[in-house]
Amino acid sequence: MSLSLRNTLSGLVEEFKPQSGNEVRIYTCGPTVYDYSHIGNFRTFVFQDVLRRYLEYSGYRLCQVMNLTDVDDKTIRNAEAAGESLRDYTQKFIDAFIVDRELLNLEPPEKMVRATDHVTDMVKLVEALEQKGFAYRSEGSVYFRVAAFPEYGKLSKINLGGNRAGARVDADEYEKGDVRDFVLWKKAKPGEPQWEAPFGAGRPGWHLECSTMAMKYLGETFDIHSGGSDLIFPHHENEIAQSEAATGKPFARFWLHAEHLMVNGEKMSKSAGNFYTLRDLIAQGHRPSAIRYLLASTPFHKPLNFTLDGVHQAQRSIERLGNFRFRLTMEQFAAGADESFVERAARARQEFEAALDNNLNTAEALAAIFNLVADGNSAMDQGEFPDGARQAFLDVLSRWDRIFAVLEDRDYERLRRHGLVSTRAGAAAEPSAASGDGRAPSMLLSDEAVEQRLALRNSARQSGKYAESDRIREELLDAGVILEDTKAGTRWRRK
RNA sequence: GGCGCGGUACCCAAGUGGUAAGGGAGAGGUCUGCAAAACCUUUAUGCGGGAGUUCGAUUCUCCCCCGCGCCUCCA
């Protein structure tokens, strides 16, 4: 089996092979850093993470470049409103974005690059386009001449076919020769950030940064370009036009797009009150790992319906997997190695790999692993699970988790590191923290402190002091730690 | 209007020209100092509506209805 991916360019699921050797070169459209990224943005970023994790799992070496759009109308407007420089203003949201990525267990791309650090390169690309006759100047701005690029529309399948009656034109729109033409370089406006260029001071158009940075770091032709489905037109279409016009070579070989997320069956919007950032959800007591699971659990070419109930369901699903792994780790099994169990593990692995090979069908990959869980639990309950299969089962789980990355519980540690765990005292000042999955803990306990209390409780239990044992259990519960007594010992986890 | 993605049980959600994965929830059960949890079993003659092709369609074709995205700077 090998990986196949749905390529927007052809509209087909195609077998994926890198252009050269074992290295996959990927460009992914990152956020515009004018505010916190919302949960819909993160669906796309989780998709890109699953993609890169599975490519790595499949043995490829990666070079992923992600852009940070730190100059556009919104960043300029908000920075000015905040009375900060564009650089300082956007840096705050870049920092927040990186924290959010860590919380969601998103692997860092090999490079994250800011648009404003590449203006010189962008200017060169505009000059190249001008020399080849694909760009023209008009009133201090520079435009791309769409009519000069016959393949325009091949990605989005849109045939604009000349001027359209009633096409929207911004009030402050610059003069263009053709309504289809798009701006490469915007003439400077007084008081706005601007850069010097041979064709006059100004700032780059949106699409230019991606063409420039992609080709700079990945070469004129690279393997994968991806983003949300709303970027297909005009953003990615324009990137293709700019890049291929300049180089005469194909730009990206595979174009992958994640469908949008909806909230409660409706589109997410601030006015509808269903607009969430990751931090909103964390403040309500939801876990980053559950959010990651939910975002990853639906194949990316389908719309995903995000609900708070769904986050809870995801959390429960992770717990089921975690419980299974706990049993595999801790329970005593009958000696011996029944080959049929080792084969079941191998089959589960084969199934989840086949599912991911098939255009990253994460839902099917989940089914494969849950079937293994049911198999294993049944056998354990009946005392038939052989010790010799323990490692094979654990191995499949850990392979699966290299992609899904939800079983290692790092939520608490990470939230605490970033000051995002609130205690009940803190929660009083912040009403939103009171809703959601339960009350905020009354205090913060380190893992060591929990272990210490657990040891005390265990010795109390062993000597029959159940009142004392129950008191400790209550105390820990109050601190957000749940204890479970099992045959294999007492385990604890954070709420 | 054009292009695209969808409509599957109470909720989330796979999938196939041959008779509906998986998760959550509910119900029954097992286990347990207690509790909580865990685990097991179970829950769609049905896949938006209609017509057609076929021995057979949820799966293919056509028409219709509904949701969502894009149609010049939104992931």
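Protein chains get the first letters and strands the later ones, always in sequence-line order, with residue 1 at the start of each.
Among the protein residues, A:H38 comes within range of the nucleic acid bases, having at least one heavy atom under 4.0 Å from a base atom. Counting any heavy atom pair closer than 4.0 Å across all strands shown, A:G310 reaches no nucleic acid atom. Residue A:H260 is in base contact, counting any heavy-atom pair closer than 4.0 Å across all strands shown. In this structure, A:P31 reaches neither bases nor backbone, as no heavy-atom distance under 4.0 Å exists between it and the strands shown. No contact: A:A355 has no heavy atom under 4.0 Å from any strand. Using a 4.0 Å heavy-atom cutoff across all strands shown, A:L231 reaches sugar-phosphate atoms only and no base atom. The residue A:T486 sits apart from the nucleic acid: no heavy atom pair falls under 4.0 Å. Residue contacts shown for A:R77 are absent, as no nucleic acid heavy atom lies under 4.0 Å away.
Distance A:F306 CZ to B:G6 P: 21 Å, rounded to the nearest Å. When rounded to the nearest whole Å, the span between CD of A:E259 and P of B:G7 equals 12 Å. Distance CZ (A:R327) to C1' (B:C31): 10 Å, rounded to an integer number of Å. Remark: P of B:G67 and CG of A:L261 are 19 Å apart, rounded to the nearest angstrom. Distance NE2 (A:H235) to C1' (B:C71): 16 Å, rounded to an integer number of Å. Whole-Å rounding puts the A:Q382 CD to B:A38 C1' distance at 16 Å. Rounding to whole angstrom units, NZ of residue A:K157 and P of B:G4 are separated by 8 Å. Note: CG (A:L295) to P (B:G23) measures 20 Å, nearest angstrom.
Shown here, B:U42 forms a base pair with B:G26; the pair counts as Watson-Crick or G-U wobble because both key distances fall under 3.5 Å. Under the Watson-Crick or G-U wobble criterion, with both distances below 3.5 Å, B:A57 has no partner in any strand shown.
A:Y276 and A:F306 have tilted rings, their planes meeting at an angle from 30° to 60° on a 0 to 90° scale. Using a 30° and 60° split on the angle between ring planes, A:W255 and A:F251 fall in the tilted class, from 30° to 60°. Taking the six-membered ring for Trp and thresholds of 30 and 60 degrees, A:F199 and A:W185 have ring planes more than 60 degrees apart, a perpendicular arrangement.
Among B:A75, B:A38, B:C40, the nucleotide with an atom closest to any side-chain atom of A:E319 is B:A38. Listed candidates were B:A38, B:G69, B:G15. Nearest to the side chain of A:N361 is B:G15. Listed candidates were B:A14, B:C73, B:A75. Nearest to the side chain of A:W206 is B:C73. Listed candidates were B:U72, B:G33, B:G69. Nearest to the side chain of A:R180 is B:U72. Side-chain atoms of A:A367 lie closest to B:G22 of the nucleotides B:C34, B:G22, B:A37. Here B:G67 is the nucleotide among B:A38, B:G67, B:A75 with the atom lying nearest to any side-chain atom of A:M262. Comparing B:A21, B:C5, B:A35 by their nearest atom to the side chain of A:A363 picks out B:A21. Among B:G33, B:C5, B:A36, the nucleotide with an atom closest to any side-chain atom of A:S469 is B:G33. For A:F233, counting side-chain heavy atoms from C-beta on, the closest listed nucleotide (B:C34, B:C71, B:U41) is B:C71. Taking only side-chain atoms of A:N371, from C-beta outward, the nucleotide of B:A21, B:G69, B:A14 with the closest atom is B:A21.
Among A:R287, A:R494, A:R493, the single residue meeting the salt bridge (charged side-chain N to carboxylate O under 4.0 Å, His left out) criterion with A:D411 is A:R287. Each of A:R43, A:R402, A:R292 was evaluated against A:D49; a single residue qualifies, A:R292, per the salt bridge (charged side-chain N to carboxylate O under 4.0 Å, His left out) test.
Annotation: cation-pi pair A:R491/A:F326 present, NZ/CZ under 6.0 Å from the ring centroid and within 45° of its normal. A cation-pi geometry, defined here as NZ or CZ lying under 6.0 Å from the six-membered ring centre and within 45° of its normal, does not hold between A:R327 and A:F324.
Checking side-chain atoms of A:N67 against main-chain N and O of A:V113 turns up no donor-acceptor pair under 3.5 Å.
The residue among A:H207 and A:N377 whose nearest nucleotide of RNA chain B lies closer to the 5′ end is A:N377.
Applying the 3.5 Å distance criterion, the base of B:C34 shares a donor-acceptor pair with the side chain of A:R473. Judged by atom type and distance alone, A:S156 does not reach the base of B:G4 through any side-chain donor-acceptor pair under 3.5 Å. Counting distance only, with no hydrogens placed and no angle test, the side-chain atoms of A:D470 and the base atoms of B:G33 include a donor-acceptor pair under 3.5 Å. Within 3.5 Å, no donor on the side chain of A:K302 pairs with an acceptor on the base of B:C68, nor the reverse.
Remark: the separation of the C1' atoms in B:A38 and B:G4 is 45 Å, to the nearest Å.
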Check nucleotides 24-30 of chain B for protein N or O atoms closer than 3.5 Å to its own N or O atoms and list the pairs.
{"unit_1": "B:A25", "atom_1": "OP1", "unit_2": "A:R316", "atom_2": "NE", "d": "3.0"}

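Ring to ring, A:Y36 and A:F93 are close: their centroids are under 6.0 angstrom apart.
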What's the verdict on side-chain hydrogen bond (donor to acceptor under 3.5 Å, both in side chains) for A:D121 and A:T212, showing C-alpha distance, side-chain angles and the deciding distance?
CA-CA 6 Å; A:D121 298 301; A:T212 301; over 6 Å; no
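Dashed line: the shortest gap from a side-chain N or O of A:K74 to OP1 or OP2 of B:C73 is not under 4.0 Å. Residue A:R6 has a polar side-chain atom (N or O) positioned under 4.0 Å from OP1 or OP2 of B:C5.
By the 5.5 Å and 30° criteria, A:F42 is not stacked with the base of B:A75.
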